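Just passing along the structure, written as structure tokens.
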Amino acid sequence: MNVPAMDSILMKIVHEAFGIEALHLERMTVGRINSVYNVTLPDREVIVRCNENPFVLKGTSRNISILGELQLPVPQVIMEDLTKERYPFHYMILEKIPGRDLRFELAGMTKTQMTKLAETIVSFQQKAAQLPLGTGYGWVPINDQGEFKQWKDIIYRDLHNGLPNILNEVSTAEVERTVQELDRLAPYFDNIRPVCFLDDITTKNVIMLNGELQGIVDLDCVCYGDPLYMISLTQTSIIADIHESDLFYIEELCRIWGLTEEHRKIVDYYSLIFAMNFLGYFSDDDSGYRHTAAYVKKWIAQLS
């Protein structure tokens, strides 16, 4: 849909919801799956999330309700219409949590603030883990069945999707070493239960203001599997942003979580797999590409 038509429909939706005209609409660049808009009203700002796919937003309100009952700081759902009966997309209007993604705040945070945030994020994951075990693995709304039968199916998929991206960066022996690590870790993967965790509260979707957590957003799904996956994605995201000094936050997540040395190696192995896939999003001359590729080699060198 072209921008003027989309804006016109959103203005109409907002007027129906609040009885007043929106002062400004701004398409946000953070959403890859949904079209997300920041809407300025005379008295406040709200977020409108839109999607033509009927499955993306179907569990969001339920997720928010369940996580809210666990005392997590989630946004309030003001209104939603997932029917597509009146408009050519599904949409929901949520309160706006003030602040911005952690990736933009982390460099300016003190170590004390990072430790406090790590304690809070770990507590969120502990609360999510109290929810009933899943009936499958992977990314779904809370209590829905994951599409994967085993956790290692996800790891194998992600590894083999990322391998083509590193062929120009590492030797054949390094590729073989990376693949062989799967066999060494197979017993660990086989013992992973379908535990509920918040997979994407990483350097994004964690809303900060002046070094303090304000809330978490983008809660269309959770993941069932190994919660360490979230630490690994956070670590790789920091590496890709070339902010090595911010890795103190990762070490605090690991320390507060109580990870063993072997668990820490697993975090790095997951991070290696994420990094391999991240390389596919960069251009070869991007500084983030070079920095991430260097960590790929570093993590491979550290494999047992």
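Because the structure is a prediction, the values reported are computed rather than measured.
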Check your understanding: Linking I/L/V/M/F/W/Y whenever their side-chain heavy atoms sit closer than 4.5 Å, directly or via other members, would Ile64 and Leu67 fall into one cluster?
Key -> yes

Check your understanding: For Tyr289 and Glu169, does a side-chain donor sit closer than 3.5 Å to a side-chain acceptor?
Key -> yes

**Study point:** Side-chain heavy atoms of Leu182 within contact of Phe189, under 4.5 Å
**Key:**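 Leu182 reaches Phe189 side chain to side chain.
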
**Study point:** Pair Lys204 + Asp200, salt bridge at N-O below 4.0 Å
**Key:** yes

Revision key, fill the gap. Sorted by chain and number, sequence neighbours left out, side-chain contact (heavy atoms from CB on, under 4.5 Å) with Ser61 holds for Val77, Glu80, Met92

Check your understanding: Would one find more than 12 heavy atoms of other residues, nucleotides or ligands at under 6.0 Å from atom CZ of Arg193?
Key -> no

Review point. More than 12 heavy atoms of other residues, nucleotides or ligands under 6.0 Å from NZ of Lys116: is that the case?
Key: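 For Lys116, atom NZ is not crowded (no more than 12 foreign heavy atoms under 6.0 Å).
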
**Study point:** Beyond-backbone contact of Arg100 with Ile207, side-chain heavy atoms, under 4.5 angstrom
**Key:**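 Answer no - side chains too far apart.
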
Check your understanding: Nearest 0.5 Å, what's the SG-CG distance between Cys196 and Leu131?
Key -> 5.0 Å

Exercise for review: Could you go through the ring pair (Phe, Tyr, Trp, His ring centres under 6.0 Å) check for Tyr229 and Trp151 one step at a time?
Suggested key: CA-CA 11 Å; Tyr229 216 51; Trp151 176 246; 5.1 Å; yes

Exercise for review: State, yes or no, whether a side-chain contact exists between Cys50 and His90 at a heavy-atom distance under 4.5 Å.
Suggested key: no

Review point. Would you call the rings of Tyr87 and Phe89 parallel, tilted or perpendicular, where under 30° means parallel and over 60° means perpendicular?
Key: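 Plane angle under 30°, so parallel.
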
Check your understanding: Salt bridge or not for Arg103 and Asp246, using N-O below 4.0 Å?
Key -> no

Review point. Judged by modelled atom types alone, do Tyr295 and Glu244 share a side-chain donor-acceptor pair under 3.5 Å?
Key: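 Side-chain D/A pair, Tyr295 to Glu244: present.
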
Review point. Does a donor on one side chain and an acceptor on the other come within less than 3.5 Å for Asn34 and Asp218?
Key: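 Short answer, no.
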
Point to revise | Straight-line distance of Ile9 CD1 to Met11 CE, nearest 0.5 Å | key: 13.0 Å

Exercise for review: Taking atom NZ of Lys12 as the centre, report whether more than 12 heavy atoms of other residues, nucleotides or ligands fall under 6.0 Å from it.
Suggested key: no

Review point. Taking side chain as C-beta onward, heavy atoms only, is Pro73 less than 4.5 Å from Gln214?
Key: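 With C-beta onward as the side chain, the pair stays apart.
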
**Study point:** Gap separating the OH atom of Tyr281 from the CG atom of Asn165, nearest 0.5 angstrom
**Key:** 9.0 Å

Exercise for review: Establish, from distance only, whether the side-chain atoms of Asp226 and Tyr270 form a donor-acceptor pair under 3.5 Å.
Suggested key: yes

Point to revise | Sidechain N-carboxylate O distance under 4.0 Å for Asp144, Lys58 | key: yes

Review point. Any side-chain donor paired with an acceptor under 3.5 Å for Asn210 and Glu105?
Key: no

